[in-house]
Amino acid sequence: MRAVPELPEVEVLVRHLRPLVAGRRVREARVHRAKSVRPDSATVFQTRLRGARFLDVTRRGKYLCFTVRPAGSREGRLLLGHLGMTGRMFLQPRSAALPRHAAVTLELGRERFVFQDPRCFGRLTFDAAPLERLGPEPLGEAFTPEVLGRALARSRRAVKPCLMDQSRVAGLGNIYASEALWVARVAPQIPAARLGPRRLRRLWAAIREVLAEAVAWGSTVPLNWAGGEGGDGLFYYGRAPDTPDYYQERLRVYDRAGEPCLRCGGRIRRVLQAARATFYCPRCQRR
DNA sequence: CACCATGTTCCTTG
DNA sequence: CCAAGGAACATGGT
């Protein structure tokens, strides 16, 4: 299974990066693939970052929010990062060779910050517009069963694709949407607006549980991957060195088609919804 | 070798 | 104008 970053992976990465980059100055910024900084121009991007100082890193949905203060400026600016499907961000010694598919590199002195992205679905840009389209933070205090209910009420789509709509709830992707529905014992095909208060509350709790648990697990694994080849061996917390599939075992339905349900023994099914794979147990996730 | 997987944006359709 | 659905994007893996 290939790990695609969703909210927990981004949160873990943000916590990892914060102490590494906060306070560091960018001596030189290099855009190796112009597409990765769109809609910024590579020139503007490089100029704006040269001499800038990193102040902080936070997260919103699946976005990394770097606060940087450009040289000669008094106020911080938002630099938005998104990993897409295959994006990675890490530091490497400045003497190390650039990894394949390096999209953007920032020379920090002894170290180099690398944004690597083989598929170019990710972004690192000063365009913060995407943030405005995001729904509530599922792990935030403002996220209540009522808020979830309102987000889902105005849709007749099936609940699973709805959960992946970033304007309704920010941060759930294909994996954790399936996981949350399984924990909540809610069938993925149910029209979102049809969820009653009981199932709504179960789903709300499941979303928070699944995400918080993943963040907690991810945070226990050291992120020591530095961009070498064969990097799939260690995604953000893909696998601890001596425990293969460390992370994979955390997933309870995703990618387990044909296997027995861990709760009722039913057979896990794989179906397509909105051209994306959904995994669920038809026996204990009732419609 | 053809096709699949994935998140987001953009376009088309209803 | 809005909701919904599908294509496009890019490319390593199967």
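Because the structure is a prediction, the values reported are computed rather than measured. Letters go in sequence order (proteins before strands), and every chain restarts at 1. The basis for the numbers below is simple: all heavy atoms, side chains too, and nothing from hydrogens, waters or symmetry mates.
Summarising the geometry, the separation between CG on A:D165 and C1' on B:dT8 is reported as 11 Å, rounded to the nearest angstrom. To the nearest angstrom, C1' of B:dG7 lies 8 Å from CE of A:M164.
Stacking between A:F121 and B:dT8 is absent: the ring centroid is not both under 5.5 Å from the six-membered base ring centre and under 30° in plane angle.
Put simply, A:R168 has no side-chain N or O that comes within less than 4.0 Å of OP1 or OP2 on C:dA3. Not one side-chain nitrogen or oxygen of A:H101 sits closer than 4.0 Å to the OP1 or OP2 atom of C:dT11. Residue A:S155 places at least one side-chain N or O closer than 4.0 Å to OP1 or OP2 of C:dA4.
Ring orientation note: the planes of A:F66 and A:F113 are nearly perpendicular, at an angle over 60° on the 30°/60° scale.
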Item to check | Derivation of the side-chain contact (heavy atoms from CB on, under 4.5 Å) call for A:Q116 and A:F90 | outcome: CA-CA 8 Å; A:Q116 180 197 35; A:F90 53 90; 3.9 Å; yes
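Nearest-nucleotide mapping onto DNA chain C: of A:P118 and A:R157, the residue sitting toward the 5' end is A:R157.
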N/O donor-acceptor pairs under 3.5 Å from side chains in residues 279-287 of chain A, not counting sequence neighbours:
unit_1 : atom_1 : unit_2 : atom_2 : d
A:Y280 : OH     : A:Q189 : NE2    : 3.0
A:R283 : NH1    : A:C264 : O      : 3.3
A:Q285 : OE1    : A:C281 : N      : 2.7
A:Q285 : NE2    : A:L181 : O      : 3.2
A:Q285 : NE2    : A:V186 : O      : 2.9
A:R286 : NE     : A:R283 : O      : 2.9
A:R286 : NH2    : A:R283 : O      : 3.2

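Screening A:V37, A:L49, A:D40, A:T67 for a side-chain contact (heavy atoms from CB on, under 4.5 Å) involving A:L79 leaves a single residue, A:L49. Checked against A:E11 for a salt bridge (charged side-chain N to carboxylate O under 4.0 Å, His left out), the options A:R59, A:R18, A:R60 give a single hit: A:R59.
Note that the CD atom of A:E179 and the CD atom of A:E6 stand 9.5 Å from one another [nearest 0.5 Å]. Here A:L172 contributes atom CG and A:M164 contributes atom CE; the two are 9.0 Å apart, rounded to the nearest 0.5 Å. Here OG1 of A:T105 is found 9.0 Å from CD of A:E28. Values are rounded to the nearest 0.5 Å.
Contact annotation for A:R33: backbone-only contact, meaning every heavy-atom pair under 4.0 Å involves sugar-phosphate atoms and none involves a base.
Sorted by residue number, the members of residues 270-280 of chain A with any non-hydrogen atom under 4.0 Å from DNA chain B read A:R270, A:R276, A:A277.
Comparing C:dG12, B:dT8, B:dG7 by their nearest atom to the side chain of A:Q166 picks out B:dT8. Set against B:dA5, C:dA4, B:dG7, the side chain of A:R119 has B:dA5 as its closest nucleotide.
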Close N/O contacts between protein and nucleotides 9-14 of chain B (under 3.5 Å):
unit_1 : atom_1 : unit_2 : atom_2 : d
B:dT9  : OP1    : A:R133 : NH2    : 3.3

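By the 6.0 Å contact criterion, CZ on A:R263 is enclosed, its count of non-hydrogen atoms from other residues, nucleotides or ligands being greater than 12.
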